[in-house]
Amino acid sequence: MPELPEVEAARALIEARALHREIAAVDDRDSYVCRPHGPGELADALCGRTLTAACRIGKSMWCETDGGDGPSLGLHLGMAGRIIVDDHYAGDPVGDGPTSGYSGAAGHPDPGFATNPQWARFTLGFADGGELLLFDKRRLGRAVLDPRLDALGPDALEVGKAELAARVGSGAAPLKARIMDQSVIAGVGNLLADETLWQASLSPVRPAGELDAEELARLWTVMRRTTRAAIKRGGVHTGELIPHRRRGGTCPRCAADLVRATVGGRTTWWCPVEQT
DNA sequence: AGCATTGTTTCACA
DNA sequence: TTGTGAAACAATGC
């Protein structure tokens, strides 16, 4: 669920509300979410420290502690994670599969989230009484010390035009698989990929190495625009194509029937007329 | 009951 | 060795 825009919202929430507060207690008992750490390991490393920076590359987020003198705390939202700081939340706005409608206008998009405390998979308790929760219905999120970031490509909003062309424009894999490969470009997930390729009128099944310079330049421009728009509007669900990714869905521009197939291991929807 | 799901990792294979 | 694709992972909803 959470892709770059949701993770950026979570990062900004931590930055705004969780920094410089003393960590007094840590609940790291979920051994799957906290793998490979054993129970108490994160608690021992973090208690008494403060978060001093919230950082992000793609969908990976981490917090520095004690101005960089302490261990960093990696937080990954996985497929359904969100961050809650005191009474404020950010991250996955839906929490369920794509069949759940996004209702995130006024009010809370998911009134049920606060009533299911068993979905708090990792908690930092602050000395002032507040707390930071990694809230994850699916349990595929992660909390880990000193996360490895070296396998990530450049962030989708930071990558330069020439660099994107060089990294994406090669290989025999489908274009969609290429832009979802986090070692090529970091931050694009399944929905953002479908939205971006539809906005750019590029077919997800084209071999990435076949794109010409103009198409790669267009991809760079459109990817940045769609990603920034998703951040501003509150998540990847706000994309123009997204509501049409369903049985019987049609292209919002030309009304052609959308095509559904598995590309890059994920369900993919696209317009066979416009996306070439 | 069986299938689907917005992410990541691991494994098999060419 | 590298690139590619499928399966597994956990949990839930239709």
Side-chain angles (χ1 to χ4, degrees), chain A residues 1-10 30-36 56-61 74-82 90-102 104 109-110 112-113 115-116 118-122 134-144 147-153 156 167-198 204-205 207-209 226-227 230-231 234-239 241-247 260-269:
Chain A
M1 322 271 196
E3 303 184 31
L4 190 155
E6 286 80 10
V7 179
E8 172 55 24
D30 191 316
S31 59
Y32 187 78
V33 168
C34 297
R35 72 191 184 283
R56 180 191 62 76
I57 296 177
K59 308 172 201 171
S60 294
M61 172 168 60
L75 295 171
H76 199 291
L77 301 183
M79 194 93 90
R82 48 165 67 111
D92 167 36
V94 179
D96 298 321
T99 47
S100 295
Y102 177 67
D110 179 4
F113 87 93
T115 65
N116 295 284
Q118 72 271 25
W119 292 332
R121 309 297 185 181
F122 175 79
L134 172 57
F135 199 84
D136 181 10
K137 186 183 282 190
R138 295 282 186 273
R139 233 172 138 220
L140 288 171
R142 294 291 295 272
V144 61
R148 295 198 53 169
L149 306 166
D150 50 287
L152 292 175
R167 300 182 72 94
V168 172
S170 66
L175 175 59
K176 181 180 177 183
R178 195 84 186 152
I179 65 173
M180 282 199 303
D181 184 336
Q182 303 300 296
S183 69
V184 174
I185 296 292
V188 178
N190 196 29
L191 292 188
L192 197 52
D194 277 7
E195 177 72 18
T196 295
L197 294 177
W198 177 76
V205 297
T226 56
T227 303
I231 291 173
V236 292
H237 287 84
T238 62
L241 177 73
I242 305 309
H244 303 271
R245 294 174 82 263
R246 52 180 172 75
R247 254 169 52 89
R260 178 193 192 274
T262 297
V263 181
R266 290 296 179 204
T267 299
T268 302
W269 296 83

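Numbers restart at 1 for each chain; the letters A, B, ... are given by sequence-line order, proteins then strands. For clarity, every value in this text was computed on a predicted model and none was experimentally measured.
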Participant: Between L77(A) (CG) and dT8(B) (P), how many Å, whole number?
Facilitator: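 My rounded result for the distance is 10 Å.
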Participant: Between dT8(B), dA4(B), dG5(C), which nucleotide has the shortest distance from any of its atoms to the side chain of T267(A)?
Facilitator: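 Side chain of T267(A) sits closest to dA4(B).
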Participant: dT8(B) phosphate, OP1 or OP2: any side-chain N/O from K59(A) under 4.0 angstrom?
Facilitator: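 Yes, K59(A) has a side-chain N/O under 4.0 Å of OP1/OP2 on dT8(B).
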Participant: Using purine N1 to pyrimidine N3 plus N6-O4 or O6-N4 for Watson-Crick, or N1-O2 and O6-N3 for G-U wobble, each under 3.5 Å, what pairs with dC14(C)?
Facilitator: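 For dC14(C), the partner nucleotide comes out as dG2(B), under the 3.5 Å rule.
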Participant: Quick one: which of dA11(C), dC9(C), dT4(C) gets closest to the side chain of Y32(A)?
Facilitator: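 Among dA11(C), dC9(C), dT4(C), the one nearest the side chain of Y32(A) is dC9(C).
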Participant: Go through dT5(B), dG5(C), dT6(B) for me and flag the one nearest to the N190(A) side chain.
Facilitator: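 Nucleotide nearest to N190(A)'s side chain: dT6(B).
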Participant: Verify whether one side chain among N190(A) and K176(A) offers a donor that lies under 3.5 Å from an acceptor in the other.
Facilitator: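 Yes.
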Participant: Could you work out which one of dC9(C), dT6(B), dT4(C) sits closest to the side chain of L140(A)?
Facilitator: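 Of dC9(C), dT6(B), dT4(C), dC9(C) is nearest to the side chain of L140(A).
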Participant: How far, in whole Å, is dT9(B) from dT12(C) if one measures between their P atoms?
Facilitator: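 That atom pair is separated by 23 Å.
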Participant: Does this structure show an ion pair linking E8(A) with R56(A), if we count only N-O contacts that are shorter than 4.0 Å?
Facilitator: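 Yes, this pair counts.
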Participant: How many whole angstroms separate atom CG of L75(A) from atom C1' of dT8(B)?
Facilitator: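 Distance check: L75(A) CG to dT8(B) C1' gives 16 Å.
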Participant: Is any side-chain N or O of R138(A) closer than 4.0 Å to OP1 or OP2 of dG13(C)?
Facilitator: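 No, outside the criterion.
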Participant: Nearest whole Å is fine: how far is dT2(C) C1' from R167(A) CZ?
Facilitator: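 Going from CZ in R167(A) over to C1' in dT2(C) covers 15 Å.
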Participant: Is there a donor-acceptor contact under 3.5 Å linking the side chains of S170(A) and R178(A)?
Facilitator: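 Side-chain D/A pair, S170(A) to R178(A): present.
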Participant: Among dT4(C), dT12(C), dT6(B), which nucleotide has an atom closest to any side-chain atom of R245(A)?
Facilitator: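 Of the candidates, dT6(B) comes closest.
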Participant: Hey, does the side-chain of R139(A) have a donor or acceptor N/O within less than 3.5 Å of a partner on the base of dA10(C)?
Facilitator: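 Not at all, since no donor on one side and acceptor on the other fall under 3.5 Å apart.
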Participant: Rounded to the Å, how far apart are K176(A) NZ and dT4(C) P?
Facilitator: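 In whole Å, dT4(C) P lies 17 Å from K176(A) NZ.
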Participant: For dT8(B) and H76(A) - does any side-chain N or O of the residue sit under 4.0 Å from the phosphate oxygens OP1/OP2?
Facilitator: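 Affirmative; the distance criterion is met.
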Participant: With the side chain of W119(A) defined as its heavy atoms from C-beta on, choose the nearest nucleotide among dT8(B), dT6(B), dA11(C).
Facilitator: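 Looking only at heavy atoms from C-beta outward on W119(A), the closest nucleotide is dA11(C).
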Participant: Taking only the C1' atom of each, what is the distance from dT4(C) to dT6(B) in whole angstrom?
Facilitator: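 That atom pair is separated by 22 Å.
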Participant: Taking atom C1' of dT9(B) as reference, at what distance in whole Å does atom CE of M180(A) sit?
Facilitator: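 About 15 Å, once rounded to whole Å.
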Participant: For a quick check of understanding: with a heavy-atom distance under 4.0 Å over all strands, which category does R148(A) fall into, base, sugar-phosphate or nothing?
Facilitator: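 No contact.
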Participant: Taking the minimum atom-to-atom distance to the side chain of A173(A), which one of dT6(B), dT5(B), dG5(C) wins?
Facilitator: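 Within the option list, the nearest is dG5(C).
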Participant: Do R139(A) and D30(A) meet the salt-bridge criterion of a basic N to acidic O distance under 4.0 Å?
Facilitator: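 Yes.
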Participant: Does the distance from a Lys or Arg side-chain N to an Asp or Glu carboxylate O, for D136(A) and R138(A), drop under 4.0 Å?
Facilitator: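 No, this pair does not count.
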Participant: Looking at the side chain of V236(A), which of dT6(B), dC9(C), dT5(B) is the nearest nucleotide?
Facilitator: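 Shortest atom-to-atom distance from the side chain points to dT6(B).
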Participant: How would you label the contact of P174(A) with the nucleic acid (heavy atoms, under 4.0 Å): base, sugar-phosphate, or nothing?
Facilitator: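 It contacts sugar-phosphate atoms only.
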Participant: Given atom CZ of R246(A) and atom P of dC14(C), what is their separation to the nearest angstrom?
Facilitator: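 After rounding, the gap between these two atoms is 16 Å.
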Participant: Write down the distance between CZ (R178(A)) and P (dG3(C)), rounded to a whole number of angstrom.
Facilitator: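 Interatomic distance, CZ of R178(A) to P of dG3(C): 7 Å.
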Participant: Could you please name the option among dT5(B), dT8(B), dT4(C) that lies closest to any side-chain atom of Q182(A)?
Facilitator: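 Minimum distance to the Q182(A) side chain belongs to dT8(B).
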Participant: Under a 3.5 Å cut-off for both distances, is dT9(B) Watson-Crick or wobble paired, and to whom?
Facilitator: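 Here dT9(B) is engaged in a pair, and the nucleotide opposite it is dA7(C).
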